Amino acid sequence: GQNIDQPTEMTATEGAIVQINCTYQTSGFNGLFWYQQHAGEAPTFLSYNVLDGLEEKGRFSSFLSRSKGYSYLLLKELQMKDSASYLCAVREQIPSRGMLTFGGGTRLMVKP
Amino acid sequence: EPEVTQTPSHQVTQMGQEVILRCVPISNHLYFYWYRQILGQKVEFLVSFYNNEISEKSEIFDDQFSVERPDGSNFTLKIRSTKLEDSAMYFCASALSGGGASSPLHFGNGTRLTVT
């Protein structure tokens with residue numbers, strides 16, 4: 001089984017930087033994914049980490065430490081449209097077939 | 001960009017009725033999934049499907065649920081006798097590979113099921 005924890009809510013200011021943390025416990029790690037979900041819409045893929053370190057993708061970066069069971073998503077130059085839920089999801093080796101287990105999501109509110 | 005499509009976008013049904021939710025995954029994807037999200041709660045795994053059979057299923061996916069890939073393009077979720085607690089958004093997802101760690105799931109826009 002898995003345990004995935006992330007803060008429920010965060011607030012940040014337009015133009016600022018925000019870091020959303022995720023901790024996980026899993027028996028056989030095979031990748032960590034971040035998704036963005038606007039209210040009433042589908043989750044959309046943002047980033048993926050399987051090795052330790054930082055992956056950068058434009059204004060979004062994601063970091064992984066496998067030994068600590070820890071990841072964060074970093075959002076730079078925040079825009080109002082970044083107000084959404086950010087979902088941390090883990091893929092295990094067994095069972096796999098690609099399934100992801102999601103955390104509860106962090107609802108980010110960006111204020112002017 | 002190819003996308004996963006789901007129909008209908010909203011389904012209202014009476015308790016005890018059968019519903020079929022439909023999905024067309026991305027055409028070259030091989031792995032298919034159903035997830036659900038009860039309002040205000042997290043995205044929960046229901047079932048994965050590969051090579052025309054169920055790969056994994058959660059404890060939510062009991063005997064009232066079934067999946068089918070009736071042809072080369074559609075992937076359906078059937079709920080045999082709906083209960084009030086089945087009211088949720090149901091997401092279909094597909095992936096190019098399952099074991100490959102870099103293959104993200106691509107989600108459809110969901111079907112909002114309301115059981116009255």
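A, B, ... follow the sequence lines: proteins, then strands. Residue 1 opens every chain. What you are looking at is a predicted structure, and each value in this text was computed from that prediction instead of being measured.
Around the NZ atom of B/Lys78, the shell of radius 6.0 Å holds no more than 12 heavy atoms that belong to other residues, nucleotides or ligands. By the neighbour-count criterion of 12 heavy atoms within 6.0 Å, atom CG of B/Leu84 is densely surrounded, having more than that number from other residues, nucleotides or ligands. Applying the 6.0 Å contact sphere to CD of B/Glu85 captures more than 12 heavy atoms from other residues, nucleotides or ligands. No more than 12 heavy atoms of other residues, nucleotides or ligands lie within 6.0 Å of CG in B/Asp63, so this atom counts as exposed by the packing criterion. For A/Glu14, the CD atom sits in a packed shell: over 12 heavy atoms of surrounding residues, nucleotides or ligands are nearer than 6.0 Å.
B/Gly108 and A/Ala42 make their closest contact through O-CB, 2.8 Å (heavy atoms, listed as atom of the first residue, atom of the second, distance).
Counting heavy atoms from C-beta on, the side chains of B/Phe107 and A/Tyr35 come closer than 4.5 Å. Looking only at side-chain heavy atoms (C-beta outward), A/Met99 and B/Leu46 stay at 4.5 Å or farther from each other. Between B/Tyr35 and A/Pro43 the shortest side-chain heavy-atom distance does not fall below 4.5 Å.
The CZ atom of A/Phe33 lies 7.0 Å from the OG atom of B/Ser103; values are rounded to the nearest 0.5 Å. Atom CE of B/Met89 and atom CD of A/Glu41 lie 9.0 Å apart (nearest 0.5 Å). Here the OG1-CG distance, from A/Thr44 to B/Leu105, works out to 13.0 Å after rounding to the nearest 0.5 Å.
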Is there a side chain to side chain contact (heavy atoms under 4.5 Å, CB included) between B/Tyr33 and A/Leu100? Walk through the geometry before answering. CA-CA 10 Å; B/Tyr33 312 85; A/Leu100 300 181; over 6 Å; no
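Residues forming a ring pair (Phe, Tyr, Trp, His ring centres under 6.0 Å) with B/Phe91 (at least two apart in sequence, or on another chain): none.
The cluster map of Ile, Leu, Val, Met, Phe, Trp and Tyr, joined by side-chain heavy atoms under 4.5 Å apart, puts B/Ile79 and B/Val67 in the same cluster.
For A/Phe102 and B/Phe45, the gap between ring centers reaches or exceeds 6.0 Å.
Inspection of non-hydrogen atoms places A/Gly103, A/Gly104 of residues 103-112 of chain A under 4.5 Å from chain B.
For B/Gln37, the part lying near chain A is the side chain, with the backbone staying farther off; criterion is any non-hydrogen pair under 4.5 Å.
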